[in-house]
Amino acid sequence: MLKILLNLRVKIAGGNICLPVFDFILLAFSAYLGFAIRLTLFMPGAVLLDLAKVICVFSSWGVAVFFVGGQYRTLWTQAGMDDYARFARLYVLAACVFAVTHYVWRFALLPRTSLVIMLFAGMILCGFLRVSCRMGRPPLPASSVALKAIIVGAGSAGAALARDLLENGGELAPCGFVDDNPRKKGKRVANLTVLGSTKDLPSLIHELQVKVVLVAIPSASGQKIRTIYDMLGHMGVSVRVLPSLRELAGGAVTVSRLRKIKLEDLLGRDPVHIDVKKVSAYLRGRSVLVTGAGGSIGSEMVRQVLPNAPREVILLGHGEQSIYSFMESMGSGVKLCPVIADVADETAMRDVFERHRPQVIFHAAAHKHVPLMEGNPREALRVNALGTLTVAKLAGEFGAERMVLVSTDKAVNPSSVMGASKRVAELLLGDVQRRFPKTAFMAVRFGNVLGSRGSVIPKFERQIAEGGPVTVTNPAMKRYFMLIPEAVSLVIEAGAIGAGNELFVLDMGDPVSIAEMAEILIRLHGYEPHKDVQITYTGVRPGEKLFEELFYDPAGVRPTEHPKVFASDLNAESNIDVTALLELSLKEPSRTLALLREMVPEYET
């Protein structure tokens with residue numbers, strides 16, 4: 001009998017012929033109630049004839065309107081408020097049609113009181129039928145191999161996630177919530193109990209034998225996620241999170257939206273989001289040149305520039321394969337012009353400027369591997385310094401509106417050839433600004449970029465996949481980290497708010513310990529550091545510093561209209577002829593390092 005009832009409820013909820021039959025019966029019963037409450041339970045024959053007419057017309061109109069309105073195509077076990085609102089609108093329409101029909105034809109004697117009672121009764125009964133399909137449906141039985149899960153956050157996102165888990169079954173079996181709102185403790189949300197706060201997680205995991213923790217707080221800060229991870233990292237449970245509100249973008253909260261926790265979730269600060277559309281009017285209808293377009297920063301630059309309707313985007317790179325791969329990954333739309341050229345080759349670059357007349361230039365092309373550049377100082381200066389000078393001079397000559405140089409925190413009191421060469425690039429940009437005041441030249445400094453080429457993260461990932469050891473240069477080494485999208489957003493922001501001769505820096509929070517980052521990555525891969533995967537220290541490499549800086553003179557730093565972006569002057573007047581020294585260093589490779597120290601007196605090896 002129970003099986004028959006469950007099958008019947010599934011048929012009703014599924015929207016097949018059972019639901020219109022039940023609607024017809026309930027509407028008929030509503031009409032009977034209208035007569036019975038107004039007149040008597042046991043009606044004489046004359047009244048029964050009027051009742052039969054009302055039942056036939058009222059129930060038929062109701063079912064017909066529901067059918068045309070798509071009520072019987074709705075899956076009521078997963079209905080939402082919009083589905084119930086649609087039902088209410090259709091019922092009101094059916095009631096109005098019936099009332100007009102009765103008013104015009106007077107096919108039966110129907111007291112006004114009976115009409116009001118039957119209409120309200122029909123709404124309540126048909127509405128309750130639909131609500132019971134969702135509320136009364138038993139959750140699917142958990143799989144015998146389902147993992148016990150506890151949900152962090154008993155808000156709307158957590159409730160939606162719990163309902164999806166309970167209704168659809170799967171590999172996860174939720175056993176309750178934790179929430180830091182003390183008023184929710186002990187309450188039931190989506191048929192699950194709020195068991196305590198996040199501080200109770202360790203004891204609840206042990207007591208309930210939980211295997212998976214689901215963080216269902218899309219608005220959670222990086223610090224909040226980091227706190228939860230630090231609390232649970234040693235307990236051997238899997239932690240999964242819902243994407244941020246920005247990533248969800250109005251999408252439904254379901255099990256499929258859960259993802260494993262990522263390193264960027266644990267930076268301990270919230271990524272800086274810049275409204276690129278608001279500040280990028282200067283890109284619309286312009287010819288935009290992106291150098292180094294095949295790299296991680298350059299390719300993301302192109303992706304963020306494209307939605308702002310530039311006239312064309314010139315993708316300039318020295319490696320044909322990276323440009324080819326990027327072009328293959330892009331769809332049609334804005335005109336993309338791939339160019340294979342060396343930024344330090346003035347002849348090739350002049351041809352690019354003559355053909356395309358770029359109005360906005362983002363200069364991301366550079367050599368950035370610190371240890372490699374220590375052994376190749378001339379090449380570092382040729383690409384990083386001369387390449388910047390070449391692009392900047394041509395930008396000025398051809399009347400470009402603005403140029404943004406992508407620099408690095410390693411340019412401050414540099415200890416490496418790479419850092420010193422980028423500092424030379426900054427100095428040269430300031431010189432060019434004085435020669436071409438109508439073009440706005442600016443630079444953007446930021447720290448290490450997670451996931452970029454040359455970043456330490458891909459190396460750690462590879463070493464973990466190979467079983468270790470993970471190699472860290474020094475346990476005290478710290479670096480500033482940011483995400484590729486926010487680094488690129490800062491560059492585009494600088495192009496919008498800069499007036500020329502400015503150097504912009506993003507507030508990147510506190511520096512992160514490289515050793516600590518290695519431990520986190522190992523745990524994220526399901527291993528225990530120093531036990532399953534070893535960490536070894538290899539010593540600081542030539543050119544590396546334990547700590548990075550962002551400004552030469554913090555006192556000269558000023559705020560901008562963006563609370564997380566700061567600015568200082570690109571460089572002051574200098575008695576050092578950097579351009580002449582650069583040309584000489586490229587002609588006499590044996591003197592490159594000595595001349596580099598003359599160009600950047602603060603450069604110390």
Distance-only polar pair, side chains of Q71 and R130, donor-acceptor under 3.5 Å: yes
Backbone of R445 reached by a side-chain donor or acceptor of S407 within 3.5 Å: no
Give a yes or no on whether the backbone of S296 and the side-chain of E300 come within a donor-acceptor separation of less than 3.5 Å. no
Quick one: does Y537's side chain have a donor or acceptor within less than 3.5 Å of a partner on V472's backbone? no
Test salt bridge (charged side-chain N to carboxylate O under 4.0 Å, His left out) applied to D179 and K184, step by step: CA-CA 7 Å; D179 196 287; K184 292 183 180 180; 3.8 Å; yes
Mind checking whether F362 and V488 have side chains closer than 4.5 Å, heavy atoms only? no
If we count only N and O atoms by modelled type, under 3.5 Å, do the side chains of T193 and R188 hold a donor and an acceptor together? yes
Between V152 and V213, is there a side-chain heavy-atom distance shorter than 4.5 Å? yes
Looking at K211, I want to see if its NZ is surrounded by more than 12 non-hydrogen atoms of other residues, nucleotides or ligands under 6.0 Å. no
Between S416 and E374, a side-chain donor and acceptor under 3.5 Å: no
To the nearest 0.5 Å, how far apart are CZ in F566 and CZ in F504? 12.5 Å
With no hydrogens and no angle check, is any side-chain donor or acceptor of Q304 less than 3.5 Å from a backbone partner on P485? yes
Is any side-chain heavy atom of M418 less than 4.5 Å from a side-chain heavy atom of L372? no
Taking K368's backbone N and O only, do any of them form a donor-acceptor pair with K422's side chain (distance below 3.5 Å, no angle check)? no
What I want to check is whether the side chains of E493 and S489 have a donor and an acceptor closer together than 3.5 Å. no
Whether the side chain of Q209 engages the backbone of K148 through a donor-acceptor N/O pair (distance < 3.5 Å, no angle test) should be reported. no
